[in-house]
Protein chains: 2
Amino acid sequence: MKTQLKKGTLEMCVLALLARADSYAYELVSRLADCMEISEGTIYPLMRRLQGEGWVSTYLVESPSGPSRKYYALTEAGHDSLASMQTEWQEFVAEVNSVLVPPQGSAAGAIKRDNPQGGNK
Amino acid sequence: MKTQLKKGTLEMCVLALLARADSYAYELVSRLADCMEISEGTIYPLMRRLQGEGWVSTYLVESPSGPSRKYYALTEAGHDSLASMQTEWQEFVAEVNSVLVPPQGSAAGAIKRDNPQGGNK
DNA sequence: CAATGTACCTTGTAATGCAAGGTATCTGTT
DNA sequence: AACAGATACCTTGCATTACAAGGTACATTG
């Protein structure tokens, strides 16, 4: 189920990380691994999408020990989109939470079970 | 983007609504419309999935003015799954929020922008 | 009868995760 | 030199789950 939860959030998370510091894709994978995971098969098409939207720009930097690194930087439009996405996310979370049942402890006497007629199919 | 955010949450939201009161599918659509939307094309395959998992049971009730209604009730396993999903959801929300940048007002001086080398591709 | 509302349902499509496969560049070892 | 390992990039096929659109069936009303 976690995979489905992630859908719709990873673009925003990547933009948020880039708002803190420019990164190359491979590094983003490890930076995100601290709290949630994104696979390499996901990050590259995702970065291509973000670039296609004009939310990130890129530049190449020689690596100290390996192939060059393609860094991504947030554009002004990227900042705007991130802010917009975060607002949408917070609203979405509030919506979902308004549907959920309170935790077990406090729900014992508060939940009203109702059914139009007893019995099963 | 909202559509993608919903993925992974609708099953849980439906289970949560059923925890409050049994419902038929068409009614669930309108009950959920209060805070988020789920289309009819979604609800029926979703209910079939929940039933396949043994999380809901069904029974038929004559409608006062129309075709019969197929009510869904949460099973014990459904209750357990709902609790488990809600825990996962809360953890997921915390994970995402830990990645996001604070709101604009307080972030003005706290965000440290870092890039390994200036310039664009 | 037709129109409308209710209730059920399926199907094709779009989008976005993941796993697995691949290429290229550097460093170290044999 | 060749090879192995790490780094960094990338693509492709697949699975999953939303949505829109299409459809059927039942009751009521005009």
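Note on naming: letters A, B, ... go to the chains in the order of the sequence lines (proteins, then strands), and numbering restarts at 1 for each one.
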With B:R49 via side chain to side chain contact (heavy atoms under 4.5 Å, CB included) - residues at least two apart: B:E11, B:L46

Residue whose closest nucleotide on DNA chain C lies nearer the 5' end, A:L46 versus B:R48: B:R48

Set of residues satisfying side chain to side chain contact (heavy atoms under 4.5 Å, CB included) with respect to A:Q90, sequence neighbours excluded: B:N97, B:L100

Residue pairs passing the ring-ring contact (aromatic ring centres under 6.0 Å, His included) test where at least one lies in residues 25-51 of chain A, sequence neighbours excluded: none

Set of residues satisfying side chain to side chain donor-acceptor pair (under 3.5 Å) with respect to A:S39, sequence neighbours excluded: A:T42

With sequence neighbours excluded, residues passing salt bridge (charged side-chain N to carboxylate O under 4.0 Å, His left out) with B:E95: A:K2

Flag side-chain contact, heavy atom, 4.5 Å: B:L32 against B:E37: no

Spacing of A:Q4 atom CD relative to D:dA18 atom P, expressed in whole Å: 7 Å

Contacts of B:S81 that satisfy side chain to side chain donor-acceptor pair (under 3.5 Å) - sequence neighbours left out: B:W55

B:Y71 and B:Y24 aromatic ring geometry - parallel, tilted or perpendicular at 30°/60° bounds: perpendicular

Any N/O pairs under 3.5 Å between the protein and nucleotides 2-8 of chain D? List them or say none.
unit_1 : atom_1 : unit_2 : atom_2 : d
D:dA8  : OP1    : A:Y24  : OH     : 3.4
D:dA8  : OP1    : A:R69  : NE     : 2.3
D:dA8  : OP1    : A:R69  : NH2    : 2.1
D:dA8  : OP2    : A:Y24  : OH     : 2.9

Along DNA chain D (nearest heavy atom to each residue), the more 5'-positioned of B:G41 and A:Y72: A:Y72

Where chain B begins and ends its contact with DNA chain C, read 5' to 3' at 4.0 Å from heavy atoms: C:dT6 to C:dT16

Spacing of B:I38 atom CD1 relative to D:dA18 atom P, expressed in whole Å: 7 Å

D:dC19 OP1/OP2 closer than 4.0 Å to side-chain N/O of B:K6: yes

Atom-to-atom span, CD1 of B:I43 to P of D:dC19 - whole angstrom: 10 Å

Side chain to side chain contact (heavy atoms under 4.5 Å, CB included) partner of A:L50, the single match among A:T75, A:L74, A:V14: A:V14

Check: A:K7 side chain, D:dT17 base, donor-acceptor under 3.5 Å: no

Separation of D:dT16 P from B:L10 CG (nearest whole Å): 17 Å

